[in-house]
Amino acid sequence: MKSLIASFKYAIRGIVYCINNERNMRIHTTAAVFIIAFSFFFPLSVIEYAVLLLVISMVIGAEMINTAIEELTDMSSSTYNPMARISKDVAAGAVFFCAVCAVVIGVIIFWKPEGFLNIYNYFSKQIYMLIPLVIFALIAVLYIFIGPVGIKERVYKMLDKSKDSHI
């Protein structure tokens with residue numbers, strides 16, 4: 001039982017590493033959150049939700065495998081090596097291929113005008129709900145470009161500066 005718990009711990013540590021260190025992973029996770037949130041406005045079947053979750057998993061899993069390949073390649077090749085470049089390019093190409101396929105599948109699944117009408121009606125009748133949407137979008141941009149660790153560090157720096165200015 002202990003080794004099972006340890007394996008979950010290592011897996012979660014790998015996910016956290018990817019999120020903290022890979023901007024593309026943060027892009028994929030942000031897109032997944034927005035897609036899932038807005039999917040509730042669309043009349044999707046159980047099968048469509050299953051496909052959606054499968055495609056999201058495919059892209060995020062490919063990004064994690066790409067990160068592992070990049071880290072191993074960097075570790076094994078301290079100087080420029082054309083074979084290392086090929087392995088990293090192929091791994092990145094796999095992620096790109098998965099992401100393009102996910103977009104195509106997303107367009108197929110979400111090509112339902114009533115879903116877009118539902119979004120429009122929701123926000124036009126409850127315009128105040130645009131405020132949390134905009135706030136969440138701004139947080140998402142910070143998450144993508146600074147990262148969760150970077151955000152935390154910047155908040156602590158701002159807090160330290162505000163303490164110094166009050167002294």
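Since the structure is predicted, the reported quantities are computational estimates derived from the model, not experimental observations.
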For [range], which residue pairs qualify under side-chain hydrogen bond (donor to acceptor under 3.5 Å, both in side chains), counting only residues two or more places apart or in two chains?
range	answer
residues 99-108	none
residues 94-120	Glu48-Lys112
residues 4-19	Tyr17-Glu71

Got a list of side-chain donor-acceptor pairs under 3.5 Å for residues 34-42, not counting sequence neighbours?
residue : atom : partner : partner atom : Å
Ser39   : OG   : Ile36   : O            : 2.6
Ser39   : OG   : Tyr49   : OH           : 3.2

request  = Indicate the atoms forming the closest heavy-atom contact of Ala102 with Val59, along with that distance.
outcome  = CB-CG2, 3.7 Å
Who else is in the cluster with [X] when I, L, V, M, F, W and Y are joined by side-chain contacts under 4.5 Å?
X	answer
Leu54	none
Val100	Phe96
Met83	Ile86, Val90
Tyr80	none

In chain order, what residues pass the side-chain hydrogen bond (donor to acceptor under 3.5 Å, both in side chains) check against [X], with sequence neighbours excluded?
X	value
Asn121	none
Ser87	Thr73
Arg23	none

Distance-only donor-acceptor pairs under 3.5 Å for side chains of residues 125-141, two or more places apart:
residue : atom : partner : partner atom : Å
Gln126  : OE1  : Tyr128  : OH           : 3.2

